> 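If you scroll down you'll find the structure; I have some questions about it.
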Amino acid sequence: MRNHLQRVAAIHDLSGFGRASLTVVIPILSSMGIQVCPLPTAVLSSHSAFPGFNGRDLTNELPKMIEHWKELNIQFDAIYSGYLGAVGQIDMVKNFIDEFAAPDQLVIVDPVLGDNGKLYSAFNETMVEKMKELVAKAEVITPNLTEAAFLLGESYRPKVSISELKEWCFRLAELGPKQVIITSVPEETMPNKTSVMAYNSVDLRYWRVTCDYLPANYPGTGDSFASVMVGALLQGDSLPIALDRAVHFISMGVRATFGHDHHPAEGILIEKVLPSLNAPVQISSYQLLD
Ligand code: PXL
C-alpha cells in the first residue's frame with residue numbers, strides 16, 4: 001500500500017537536553033509534513049557538549065527493534081542517519097539500508113563525528129574509518145568541514161580555498177554518494193560570512209550558499225540543517241533550493257537565539273522558526289560555481 005505521508009526512518013540518538021539529534025529531527029520533519037519513525041541509537045541526559053552527561057548506548061536493542069519493523073513490513077521513503085552511539089552500530093545501519101531498500105528512496109547519511117577540528121568525546125579513529133563504509137551507501141551526505149577533513153584524512157584547518165573544497169567534495173563523492181554537502185565553511189575573504197558547499201556528481205555542478213556568520217557555537221545545528229535538507233528533498237526541491245532553505249532556516253534560528261544570554265550549548269531556538277518551514281521559498285541566494 002502507498003504511504004499516506006512521506007515516511008523517514010531516523011537513526012539518531014535521543015539527547016534529553018540541548019537541541020540536537022532526535023529533539024530537532026522530529027519537530028523539523030513533522031513541521032514539513034513528513035512522518036518520522038525514530039530508531040534511537042542512544043539515550044542521553046543531554047548531548048555531549050554539556051559536562052557530566054549520562055548516557056545509555058542502545059546497540060544491543062537495535063537488532064530487536066529492526067526485526068520488529070521487518071515483521072511490520074514498514075516501507076520508508078527515506079533513511080536518514082546521524083549520531084550513532086557506538087562503532088558497532090555502523091554495520092547495523094548498513095544492513096538496515098540494504099534490508100529496507102525501496103525504489104526512489106532517499107538515503108542520507110550525516111556522518112556525525114565532530115566539530116571545530118575535533119572528534120566528539122565518544123569517538124575515535126576507528127569510528128572515522130567505519131563511517132567511510134556508511135558514507136559509501138548514501139546518496140546524500142552532509143559532513144561539516146571537520147567531518148569532511150576526517151573522512152578524507154586531511155588535516156583540519158578553518159580556512160580552505162574554494163578550489164580545495166571542490167576537490168574535497170569530488171573526493172567524497174568518489175567514496176559513493178551522488179551528492180555531497182559540506183557545511184560550516186568559513187569564507188576565506190569575508191570573516192562575517194559562512195557557507196555551505198555542495199557537489200552533484202550526476203550533473204557535475206557545484207553550488208554554494210552563503211549567509212551571515214555570528215560568533216557563536218551552537219551544538220545540533222548540523223542536525224537541524226540535515227533535517228531540513230531531508231524534508232526539502234522529499235518535498236521535491238532541487239539540490240540548490242534545498243540548500244537555500246536549510247541555510248536560511250539555520251541562519252534565522254541563530255539570529256533568533258544570539259541576542260539571548262542563555263548557554264549556547266542549549267542550541268538554537270528552533271521553536272521560534274519552525275513555522276517558517278511552511279512558507280514558500282523567500283530568500284534564494286544560491287550560486288553556481290564555475
Ligand atoms: O550532532 C550533534 C550531536 C548529536 N548527539 C550527541 C552529541 C552531539 C554533539 O555534540 O553529543 C549525543
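Remember, it's 1-based here, ligands and their atoms both numbered in the order they're listed. No experiment lies behind these values; they were computed from the predicted model shown.
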> Any ion pair linking E67 and K64 (charged N to carboxylate O, less than 4.0 Å)?
no
> Does K137 pair with E133 as a salt bridge, N-O distance under 4.0 Å?
no
> Every pair of nitrogen or oxygen atoms between ligand 1 and the protein that is under 3.5 angstrom apart - can you list them with their distances to 0.1 Å?
residue	atom	partner	partner atom	Å
ligand 1	1 (O)	D223	OD1	3.0
ligand 1	1 (O)	D223	OD2	2.9
ligand 1	5 (N)	D13	OD1	2.8
ligand 1	11 (O)	S48	N	2.7
ligand 1	11 (O)	S48	OG	2.5

> State plainly whether the residues R171 and E154 are in salt-bridge range, i.e. N to O under 4.0 Å.
yes
> Any pair with a residue in residues 224-233 that passes side-chain hydrogen bond (donor to acceptor under 3.5 Å, both in side chains), sequence neighbours left out, goes on the list, sorted by first then second residue, please.
Y80-S227
> Under a 3.5 Å distance rule, please check whether R19 uses its side chain to pair with a backbone N or O of E266 as donor and acceptor.
yes
> Salt-bridge test for E164 and R157: reply yes if a basic N is under 4.0 Å from a carboxylate O, no otherwise.
yes
